[in-house]
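Let me begin by presenting the structure, written as structure tokens, before commenting on it.
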Amino acid sequence: MTRLLLGVTLERICKAVLLLCLVHFVIIMILYFDVYAQHLDFFNRFNIRNTSRAHPYYNFSRPNGTVHSYTAVTSAGDSFTPSAKLELNSTVTEKPLLPCPDAPPGLVGRLLIEFGSLMSMERVQRENPDVTEGGRYTPPDCQPKEKVAIIIPFRHRENHLKYWLHYLHPILRRQKVAYGIYIINQFGEDTFNRAKLLNVGFLEAMKEADYDCFIFSDVDLIPMDDRNLYRCYEQPRHFAIAMDKFGFRLPYAGYFGGVSGLSKGQFLKINGFPNEYWGWGGEDDDIYNRITLNGMKISRPDIRIGRYRMIKHERDKHNEPNPQRFTKIQNTKMTMKKDGINSLHYRVIHSAKYPMYTNITVDIGKPPPRPARG
């Protein structure tokens, strides 16, 4: 009898516990759906309030996109058009961008540079979707302090250009540089004139935008560290101070070749670059003389950061060493006032904007006849 009463008591306790659990579950579900409804209503009201800020039917990735016409309905049942809604929010203004940092946070430091894999312009374009026609780019998240034109003297180096663009576009974007890339292609097969092409690049770039800074780079030189910032400084800048072909050392104290940078004011102060160095060598030493003779000094990065790899190649045809270069270098003080940007003559043959760069083909004339030996 006692066992029977004990069993009945336990059965009643179990039923009571099950009933209590069921009541608890129902209460939890009611509370959950009530909170969810309030949460959803809050966000619906938040989205309606911000309709003018983020238009649900407008694709902001299309710079020339247009808003499709539509009619929306308020909670009160009133309809409105986009123009009417915009009038209500006409006082809303975009927050101005902050200046780009001097030390961009996205830099990675030392880079692995190799030229063994095949490179195509299509790949370069896929890797840099934010670069606009003509090789132009502006950081979307900060205000750059200057506009930089990168000038490359060029002839018959299409394969080198692919590697240069492949490496430099990502580096420049990480550095938060607002830049445009200009390939100045020498027309014809006469003797190459690097410095004169750089002068042409300066003037042609200034026709397109009000650039503050000019980086002059050979197409076969790739920086090995993205902390080597492509911008202008208080003094003219020499970037390529440690090339692999020189054993990652500065070949001599006055060396200013490969990659250099001058502000617009610095460039004009030295009357640009010399136009009379036809063939290989001498023009970078003349530029160094112009800088020092005008009371300026050369600034350089740390030698561990200013390292460069050169794409190996044979010497170009019609770019033989200039036998007159040593005499010309000694006369910089007498020639720099009359030989430079103020004496430049050239003719644009063709200009075209490609997805990754702007190409300008120019006729810069012919070299003067060299005096007979002896």
*Would Thr191 and Asn193 count as a side chain to side chain donor-acceptor pair (under 3.5 Å) if you check the C-alpha gap in whole Å, the side-chain angles of each, and the deciding distance to 0.1 Å?*
CA-CA 7 Å; Thr191 305; Asn193 191 324; over 6 Å; no

*If you look at every heavy atom in Tyr137 and Pro140, which pair is closest and at what distance?*
OH-CD, 3.5 Å

_Just verifying a value: how many Å separate Ser343 OG and Asn271 CG, rounded to the nearest 0.5 Å?_
6.5 Å

_salt bridge (Lys or Arg N to Asp or Glu O under 4.0 Å): pairs with one or both residues in residues 230-251, sequence neighbours excluded_ = Asp244-Arg309

_What's the separation between atom CG in Leu97 and atom SG in Cys142, rounded to the nearest 0.5 Å?_
7.5 Å

_Any side-chain donor near an acceptor of the partner, Thr292 and Asn294, under 3.5 Å_ = no

*Please confirm whether the backbone N or O of Met206 pairs with a side-chain atom of Asp210, one donor and one acceptor, at under 3.5 Å?*
no

*asked:* Can a donor-acceptor pair be found, under 3.5 Å and without considering hydrogens, that links the side chain of Asn228 to the backbone of Pro223?
replied: no

*Once you round to the nearest 0.5 Å, how far does CE of Met119 lie from CD of Glu158?*
15.5 Å

*Same cluster for Ile305 and Ile113 if Ile/Leu/Val/Met/Phe/Trp/Tyr side chains link at under 4.5 Å?*
no

*Rounded to the nearest 0.5 Å, how far does CZ of Arg307 lie from CG of Leu111?*
11.5 Å

*Can you find a pair of side-chain heavy atoms, one from Ile329 and one from Asn289, that are under 4.5 Å apart?*
yes

*Under a 4.0 Å N-O cut-off, is there an ion pair linking Asp212 with Lys264?*
no

_Presence of salt bridge, Asp220 and Arg157, under 4.0 angstrom_ = yes

*asked:* Within the 4.5 Å heavy-atom criterion, are Ile215 and Val259 side-chain neighbours or not?
replied: yes

*asked:* Under the criterion side-chain contact (heavy atoms from CB on, under 4.5 Å), I'd like the reasoning laid out for Ile152 against Ile184: C-alpha separation, chi angles, the key distance, then a yes or no.
replied: CA-CA 6 Å; Ile152 298 178; Ile184 312 301; over 6 Å; no

*asked:* Could you work out, with ring-ring contact (aromatic ring centres under 6.0 Å, His included) as the rule, every residue matching Phe256, not counting sequence neighbours?
replied: His238

*asked:* How close do Pro129 and Arg126 get, counting heavy atoms only, and between which atoms?
replied: CD-O, 3.6 Å

*Would Ile270 end up clustered with Met336 when hydrophobic side chains under 4.5 Å apart are linked, directly or stepwise?*
no

*Could you list the residues that satisfy side-chain hydrogen bond (donor to acceptor under 3.5 Å, both in side chains) with Glu283, not counting sequence neighbours?*
Arg194

*Check whether any side-chain N or O of Arg155 sits under 3.5 Å from a backbone N or O of Gly188 as a donor-acceptor pair, and report yes or no.*
yes

*If every non-hydrogen atom of Lys269 is compared with every non-hydrogen atom of Met296, which pair is closest and at what distance?*
CD-CE, 4.1 Å

*Looking only at non-hydrogen atoms, find the nearest pair between Glu204 and Lys207 and report the distance.*
OE2-NZ, 2.9 Å

*Please list, chain by chain and in numerical order, all residues satisfying salt bridge (Lys or Arg N to Asp or Glu O under 4.0 Å) with Lys366, sequence neighbours excluded.*
Asp190

*So, for Tyr230 and Phe239, is the gap between ring centers shorter than 6.0 Å?*
yes

*Out of curiosity, Ile311 CD1 to Leu221 CG, how far, rounded to the nearest 0.5 Å?*
8.5 Å

_Set out, in order, the CA-CA distance, both residues' side-chain angles and the distance that settles side-chain contact (heavy atoms from CB on, under 4.5 Å) for Leu198 and Val200, then state yes or no._
CA-CA 5 Å; Leu198 296 178; Val200 172; over 6 Å; no

*Between the side chain of Gln235 and the main-chain N/O of Ile298, is any donor-acceptor distance below 3.5 Å?*
no

_Distance-only polar pair, side chains of Tyr252 and Asp285, donor-acceptor under 3.5 Å_ = yes

*asked:* Less than 4.0 angstrom from a charged side-chain N to a carboxylate O is my criterion; do Glu208 and Lys353 meet it?
replied: yes

*Look up atom OG in Ser217 and atom CD1 in Ile181, then write down how far apart they are to the nearest 0.5 Å.*
9.5 Å

*Take Asn199 and Asn275 through the side chain to side chain donor-acceptor pair (under 3.5 Å) test and state the conclusion after the steps.*
CA-CA 8 Å; Asn199 279 341; Asn275 297 313; 2.8 Å; yes

*Between Tyr179 and Glu146, is any pair of side-chain heavy atoms under 4.5 Å apart?*
no

_Parallel, tilted or perpendicular: which one describes the rings of Phe214 and Phe216, with boundaries at 30° and 60°?_
parallel

*asked:* Quick check: do Glu114 and Tyr167 have side-chain heavy atoms less than 4.5 Å from each other?
replied: yes

*Looking at Asp102 and Lys145, does any basic side-chain N land under 4.0 Å from a carboxylate oxygen?*
yes

_I need the minimum non-hydrogen distance between Leu262 and Pro236, along with the two atoms involved._
CG-CB, 4.1 Å

*Examine distances only and state if a side-chain atom of Gln266 and a backbone atom of Tyr233 form a donor-acceptor pair shorter than 3.5 Å.*
yes

*Hey, are His156 and Gln186 close enough side-chain-wise for a donor-acceptor pair under 3.5 Å?*
no

*Take Tyr211 and Val148, measure what side-chain contact (heavy atoms from CB on, under 4.5 Å) needs, and give me the verdict at the end.*
CA-CA 6 Å; Tyr211 287 107; Val148 180; 5.5 Å; no

*asked:* So that I know where these two stand, are Phe267 and Phe273 an aromatic pair - ring centroids less than 6.0 Å apart?
replied: yes

*So, for Tyr357 and Tyr182, is the gap between ring centers shorter than 6.0 Å?*
no

*Could you check Leu344 against Lys196 for side-chain contact (heavy atoms from CB on, under 4.5 Å), going step by step and ending with a plain yes or no?*
CA-CA 8 Å; Leu344 178 64; Lys196 192 170 185 178; 3.7 Å; yes

*Ion pair Glu127/Arg123, N-O distance below 4.0 Å*: yes

_Show the nearest heavy-atom pair for residues Ser263 and Cys232, with the distance to one decimal._
N-SG, 3.5 Å

*Can you check whether Val177's main-chain N or O pairs, donor with acceptor, with Gln175's side chain at less than 3.5 Å?*
no

*Quickly, which of Val362, Ile360, Asp363, Leu197 forms a side chain to side chain contact (heavy atoms under 4.5 Å, CB included) with Tyr346? Name it, please.*
Val362

*Shared hydrophobic cluster for Tyr308 and Tyr163 (ILVMFWY, side-chain gaps under 4.5 Å)*: yes

*Is Thr335 reaching over with its side chain to a backbone N or O of Asp339, donor-acceptor style, under 3.5 angstrom?*
no

*Look only at the side chain of Asn128 and the backbone of Val124, and say whether a donor-acceptor pair between them is shorter than 3.5 Å.*
yes

*Candidate pair Tyr288 and Tyr255, rule ring pair (Phe, Tyr, Trp, His ring centres under 6.0 Å), full reasoning*: CA-CA 7 Å; Tyr288 176 86; Tyr255 183 66; 9.9 Å; no

*Could you pull out all residues at least two apart from Asp286 that satisfy side-chain hydrogen bond (donor to acceptor under 3.5 Å, both in side chains)?*
Tyr277, Arg290, Thr332

_Enumerate the salt bridge (Lys or Arg N to Asp or Glu O under 4.0 Å) contacts for residues 166-187, please, sequence neighbours excluded, ordered by first and then second residue._
Asp141-Lys176, Arg174-Asp226

